[in-house]
Structure formats: C-alpha cells, structure tokens
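Heads up, the thing below is written out as structure tokens.
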Amino acid sequence: MPIDHRKRLGAHYTPAALAGFLAGRVRRVLPATDGPIRVLDPACGDGELLAAVAAHWPDAELVGFDLDADAVATAKARLPHAELTQADFTEATPGPGSFDLVITNPPYVRTQVLGGAAAARLAARYGLRGRIDLTHPFVAVVPELLRPGGVLGLLCSNRFLTTRAGANVRALLGKQLAVREVFDLGDTRLFEAAVLPAIVIAVKGEQAEARYASAYQVDQEAPEGDLYAALTADEDRVIRVGARTFAVSTGTLVRGTPEQPWRLTTPARERRHADVRSRTWRSLGELAKIRVGIKTTADPVFISEDWDGLPPEHSPEAQLLRPLLTHHDVRAWLPPGPPRARVLYPYLDLPTRAVVDLKDHPRAAAYLESHRARLESRGYLTAAGREWFEIWVPQRPALWREPKIVFPDISPEPRFTVDRSGAVVNGDCYWISVPELGGDELAHLVLGIANSTFGARFYDEVCGNRLYAGRRRWITQYVGLLPLPDPVTPAAQEVIRVARELTTTGDLAALPLLERAVRSAFGEVE
Ligand SMILES: C[S@@+](CC[C@H](N)C(=O)[O-])C[C@H]1O[C@@H](n2cnc3c(N)ncnc32)[C@H](O)[C@@H]1O
C-alpha cells in the first residue's frame with residue numbers, strides 16, 4: 001500500500017502471531033456461551049484479527065468494517081462466512097449490545113492527518129476533549145456495542161498509557177469497561193508500526209484488579225526466551241530474542257484519575273516507594289519550575305553554527321547572538337563546553353520579555369528582513385500580538401545569566417548538569433534556574449539524585465514508559481516527582497559533596513560513592 005494512503009487510513013496490519021496472542025488473552029476472560037459468539041472488528045483490514053478469533057471459536061459470527069475496499073475484498077476471500085462491509089465505521093451503527101467480543105487494532109491517525117473538520121465532528125459526536133486521534137472514537141463506542149460480560153481486545157499505541165492526550169482513552173477504558181490486562185509491548189517490534197504498541201483486555205462488567213506486563217529492550221546478557229511466554233509469566237524475566245534482550249516486568253495496574261498515567265506496580269515496589277516517601281523532604285517540582293528551552297518555530301533562520309559565514313551586512317550584531325545549549329552539548333556532571341550553535345535572540349536582557357528595537361541593530365534587521373516571508377508565515381505570532389521577527393517561546397531573558405540545571409528531553413541515561421556560562425537553552429532540553437531552586441547546594445543535591453541509578457529507577461517506575469532502544473523521554477511531570485532528602489542530613493551532605501567532586505573533576509571513579517550516598521539517604525543501605 002502506498003505510504004500516504006497507509007498514513008491516512010492508519011493501516012498497519014497486525015502480524016499473525018500477535019493477533020493469535022490477543023485472541024488467546026481474550027479467550028481467558030470471555031465466558032463460554034450456549035451458542036456461537038458474535039464478534040466485531042470495526043477496522044478489520046485484511047481480517048487478521050477475525051481469523052485469529054475464528055481459530056479459537058470456529059463457529060463465531062464474524063462482523064467487520066473497513067474503509068479500504070481492497071482490504072475488505074482480501075478479508076472476504078479469507079473469511080467467506082464473515083459479514084464484512086466496506087464503510088466508514090464512525091458513520092456505521094451496528095446493533096447495540098449485540099456483541100460478545102470487539103477485537104480491534106483501530107487506525108492510528110492523528111488530527112493533522114485527519115483534518116480539523118473531521119476531528120471536530122468526531123469530538124462533538126463522541127464527547128472527546130483535547131487532541132483526538134482515531135483510536136478514541138473506535139474505543140468510545142465499544143461499551144454500547146458489547147453485551148454485559150462482553151470483552152474488548154484492543155491493540156493500539158502505548159502512548160495513551162502515559163501521555164496527557166491519552167486521558168481520553170484512559171477515561172473511556174474506565175467508564176463502563178473494566179480493564180483486566182494491559183501489555184505495554186514497548187520497543188519489542190512485535191508490531192512494525194511507527195508507534196510502540198500496547199494491548200488492553202477489558203470486560204463490560206465489574207471492576208477488578210488488572211494485570212500489567214511490559215517489555216523493553218535492555219543492554220545486558222540473558223538466556224534465550226520466548227517473549228509471549230515471558231509476558232504472561234508470573235515473575236519478571238530478562239530474555240534474549242534474536243540479537244536483542246528484553247526486560248519483561250509484570251505486576252498490577254495502578255490508575256488514579258484519567259489525568260494520571262497508568263503504571264505498573266508490585267507489592268515490593270509499593271513498599272519501596274512508601275519508604276522513599278517517608279525519607280523525602282521535598283520533590284524537585286515543589287522547589288522549582290522545570291522549563292522547556294526556547295522554541296523558535298523557525299530554527300534554520302534563528303539558529304546556526306556558522307553566523308560568521310554570512311556577508312558582513314547581513315551578519316547580526318554580536319550582542320544578539322547568544323550561545324545555545326542543545327542536547328549535543330549536555331552530558332552528566334561536567335558543565336557543558338562552549339556550545340557549537342548560537343541563536344539570534346531578539347530580546348533585551350530584562351526579567352520579562354522585551355523585544356529589541358531593530359533600528360538599533362541594522363545588520364540583524366537586514367538579516368531578518370531577508371527571511372521576512374518565512375517568519376511572517378507564522379501567523380500565530382502576530383495573532384498573539386507579537387512581532388513577526390520574534391521567536392515563539394522566548395523565556396525570561398535575564399534568567400539565562402544565572403546558573404541553571406540543564407538536561408536533554410530524550411536520552412537513554414540521565415544527563416543532568418549545571419551550566420554557569422549564561423548560555424540560552426534550546427527546546428530539546430529542559431532547565432531549572434539555580435537561584436529559583438534555592439542555591440548551589442540544592443542544585444548539587446538534585447544532580448546527585450537525578451544522575452544516580454536510584455534516580456533513573458525511580459523515574460522509570462513513576463513514568464513507566466520508554467521510547468525505543470532504551471531511550472527515555474524526560475517528561476517534566478515525572479522529573480518533578482524526583483524525591484530529595486533533607487539537605488541538612490549527613491547522608492544528603494555526602495551526596496552534595498560527591499556530586500560537587502563529580503561536577504568539578506568529572507572523575508567517574510567517585511560514582512560508586514555517589515550511588516552509595518544516594519541509597520543511604522533513602523535508607524536502602526546503612
Ligand atoms: C491498524 S489497521 C488494522 C487492520 C486489521 N484490523 C489488523 O489488525 O490487521 C487499521 C485499519 O483501519 C481502516 N480504517 C481507517 N479509517 C477507517 C474508518 N473510518 N472506518 C473503518 N475502517 C477504517 C484502515 O483501512 C485499516 O485497514
């Protein structure tokens with residue numbers, strides 16, 4: 001299928017093994033019925049999921065819809081007894097309450113591709129808020145379609161588990177459905193799609209404890225194993241599958257309000273978190289604001305490593321060109337070296353945003369003028385009453401001068417450091433002003449905890465979700481939960497001392513001392 005077409009339809013077909021796994025998990029919770037079960041796949045594609053159901057329930061009545069005529073023709077050839085219709089499911093009305101099972105890998109199409117009007121129509125019809133993708137309407141109708149006791153087997157992007165935008169789906173899966181099992185398939189590539197997949201098994205019935213399993217790639221030696229078996233095992237396993245190794249964790253699902261992410265827990269984890277809480281003085285988010293770096297929304301115009309290569313009459317005045325820290329410059333501990341890039345930052349060095357007068361900077365004015373069409377195309381700036389040559393998120397210019405903790409938004413390992421150079425921070429990093437935090441001692445305490453193995457494990461357990469190949473996305477909402485011990489205690493003072501040593505010498509031989517000091521601050525070692 002051509003890529004554009006596939007993107008519009010959100011068509012990534014389920015591989016047979018994964019479809020079989022999903023149908024098998026459904027079977028565990030769907031009670032036996034007298035007659036044949038009635039099954040719906042509202043976006044059936046070439047019929048893989050319906051075929052997997054037929055393998056378990058040969059006499060099942062299969063109903064499918066899909067927008068794509070070719071896919072429906074293929075599915076018909078494969079499942080001659082199924083009732084398959086080429087139609088837009090969001091416009092269809094199959095019999096309410098008539099299905100024992102809805103099994104689906106709904107199209108994952110984001111609002112940009114869907115178009116604003118279609119998204120608005122779906123939001124109004126299904127009562128959805130925030131950013132919509134097609135997963136939402138497909139899940140929203142499920143409670144109405146299932147009979148009491150009926151089951152939903154859902155394969156979708158794992159993003160809904162933890163993102164703010166996922167609150168829609170998390171709410172839907174809590175209203176009239178009771179989640180029984182969640183599988184976060186992480187970066188296992190059990191399913192070749194642009195998104196990382198998850199499976200949810202839910203029942204239209206009583207709420208009960210739900211099992212949660214997740215699998216993510218790790219970098220360590222392990223015996224060969226079967227990923228599907230590990231995902232359903234009672235204990236955590238680390239297994240090698242082909243050339244890659246996965247850590248498979250199992251536990252139960254913790255969910256609060258729909259705004260809160262879903263995460264995995266175990267009794268041992270809960271006990272450990274309670275211990276950590278009892279030794280927490282403040283969380284990082286209670287002490288200071290974590291800000292994202294600047295977003296110019298026209299990087300090629302504002303950011304360059306080669307300003308000196310411009311003709312002199314177009315070369316912006318030096319005082320407007322500020323060193324810019326990007327994720328390339330930021331490492332754990334040692335302060336960043338001089339950044340390669342500089343940003344044309346058109347603001348006065350004042351506590352609040354005040355745009356420079358271009359008349360005072362004729363060469364910057366000439367340079368910006370030469371990019372005027374591109375800059376003016378950012379209509380949202382002028383609509384917000386701002387100048388056409390501004391950057392979108394300018395921050396508080398005077399705060400750049402002060403020391404700040406900086407960390408990249410995506411990185412496998414924690415990379416927290418303190419910058420004292422006065423550089424501006426790019427939007428691929430976050431930063432915390434050290435004076436706002438409360439000073440240098442606290443900054444080193446934060447670095448010590450955040451860069452430690454303890455800190456990374458804590459982060460993983462509260463965030464619960466990684467990107468691929470072990471990469472973490474350092475989401476402010478979770479970074480803000482980082483626990484800090486009381487800085488006056490001897491254990492915290494030791495963390496601060498070793499963190500200072502690491503930030504001045506960069507000598508990683510001190511790391512075991514740091515790890516020990518952090519664990520001792522949280523009562524994990526004497
Ligand atoms: C992720 S694929 C899944 C296909 C199949 N169920 C499977 O698991 O292999 C999503 C399917 O949704 C179909 N689709 C997209 N928009 C649709 C709509 N509005 N109504 C029905 N089907 C739609 C696409 O054509 C595609 O076949």
Side-chain angles (χ1 to χ4, degrees), residues 1-26 39-56 60 62-79 82-94 99 101-115 117-126 128 132-142 145 152-160 169 183 185 189-201:
M1 183 184 299
I3 288 183
D4 270 7
H5 189 53
R6 162 174 282 199
K7 213 171 168 185
R8 205 158 30 77
L9 291 173
H12 287 280
Y13 291 164
T14 312
L18 187 54
F21 177 73
L22 177 54
R25 296 318 282 179
V26 164
V39 182
L40 169 72
D41 182 346
C44 65
D46 65 1
E48 195 65 58
L49 292 175
L50 291 175
V53 170
H56 284 275
L62 306 176
V63 179
F65 289 83
D66 203 288
L67 211 49
D68 180 358
D70 293 343
V72 174
T74 311
K76 273 189 175 151
R78 210 171 160 186
L79 300 160
E83 190 189 308
L84 302 172
T85 312
Q86 191 234 327
D88 179 343
F89 182 71
T90 64
E91 304 281 344
T93 44
F99 292 97
L101 168 61
V102 175
I103 191 163
T104 178
N105 168 7
Y108 184 81
V109 182
R110 285 169 305 143
T111 326
Q112 294 101 297
V113 181
L114 216 54
R121 178 179 63 79
L122 291 172
R125 172 152 177 201
Y126 294 100
L128 303 170
I132 314 281
D133 76 59
L134 266 182
T135 311
H136 303 157
F138 278 78
V139 175
V141 292
V142 169
L145 296 172
L152 164 68
L154 171 70
L155 171 65
C156 62
S157 158
N158 73 356
R159 287 184 58 76
F160 93 88
V169 171
F183 296 92
L185 302 175
R189 297 193 208 138
L190 286 177
F191 176 51
E192 283 296 338
V195 294
L196 306 185
I199 281 179
V200 177
I201 309 289

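Along the sequence shown, residues carry numbers from 1. For ligands, and for the atoms within them, numbers begin at 1 and follow the listed sequence.
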Pro107 and Phe138, any side-chain heavy atoms less than 4.5 Å apart: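 Phe138 vs Pro107: side chains touch.
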Point-to-point distance, once rounded to the nearest 0.5 Å, from CD1 of Ile103 to CG of Leu22: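 Reported to 0.5 Å precision, the distance equals 4.0 Å.
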Gap separating the CD atom of Glu83 from the CG atom of Leu50, nearest 0.5 angstrom: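 If I round to the nearest 0.5 Å, the distance is 11.0 Å.
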Where's the contact between [X] and ligand 1, heavy-atom distance under 4.0 Å: side chain, backbone, both or neither?
X	answer
Ala19	neither
Thr14	both
Asp41	side chain

Test item, Ala87 contacting ligand 1 (heavy atom, 4.0 angstrom):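 Heavy atoms of Ala87 do come under 4.0 Å of ligand 1.
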Any Ala71 heavy atom less than 4.0 Å from ligand 1: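 No heavy atom of Ala71 comes that close to ligand 1.
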Nitrogen or oxygen of Phe138 less than 3.5 angstrom from that of ligand 1: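 Between Phe138 and ligand 1 (N or O atoms, distance only) the closest approach is not under 3.5 Å.
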Nitrogen or oxygen atoms of Asp88 and ligand 1 under 3.5 Å apart: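 Yes - when backbone and side-chain N and O of Asp88 are compared with those of ligand 1, one distance drops under 3.5 Å.
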Pairing residues for Ala75 by the side chain to side chain contact (heavy atoms under 4.5 Å, CB included) criterion, not counting sequence neighbours: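 Ala75 satisfies side chain to side chain contact (heavy atoms under 4.5 Å, CB included) with Leu84 only.
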Side chain to side chain contact (heavy atoms under 4.5 Å, CB included) between Thr104 and Leu152, worked out: CA-CA 8 Å; Thr104 178; Leu152 164 68; 4.2 Å; yes
Could you tell me which atoms of ligand 1, counted from 1 in the order shown, lie closer than 4.0 angstrom to a heavy atom of [X]?
X	value
Tyr13	4 (C), 9 (O), 27 (O)
Asp68	25 (O)
Pro107	10 (C), 12 (O), 14 (N), 15 (C), 16 (N)

Partners passing side-chain hydrogen bond (donor to acceptor under 3.5 Å, both in side chains) against Ser157 (at least two apart in sequence or in another chain):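 Testing Ser157 for side-chain hydrogen bond (donor to acceptor under 3.5 Å, both in side chains), a comparison that skips the adjacent residues, returns none.
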Option with minimal heavy-atom separation from atom 25 (O) of ligand 1, where the choices are Asp66, Asn105, Leu67, Thr74: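 The residue whose heavy atom sits nearest atom 25 (O) of ligand 1 is Asp66.
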Donor-acceptor pair, side chain of Asp66 and main chain of Gly45, under 3.5 angstrom: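 Yes; judged by distance alone, with no hydrogens or angles, the pair exists.
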Closest non-hydrogen atom pair between Val39 and Phe99, with its separation: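 The answer is C-CD2, 3.8 Å.
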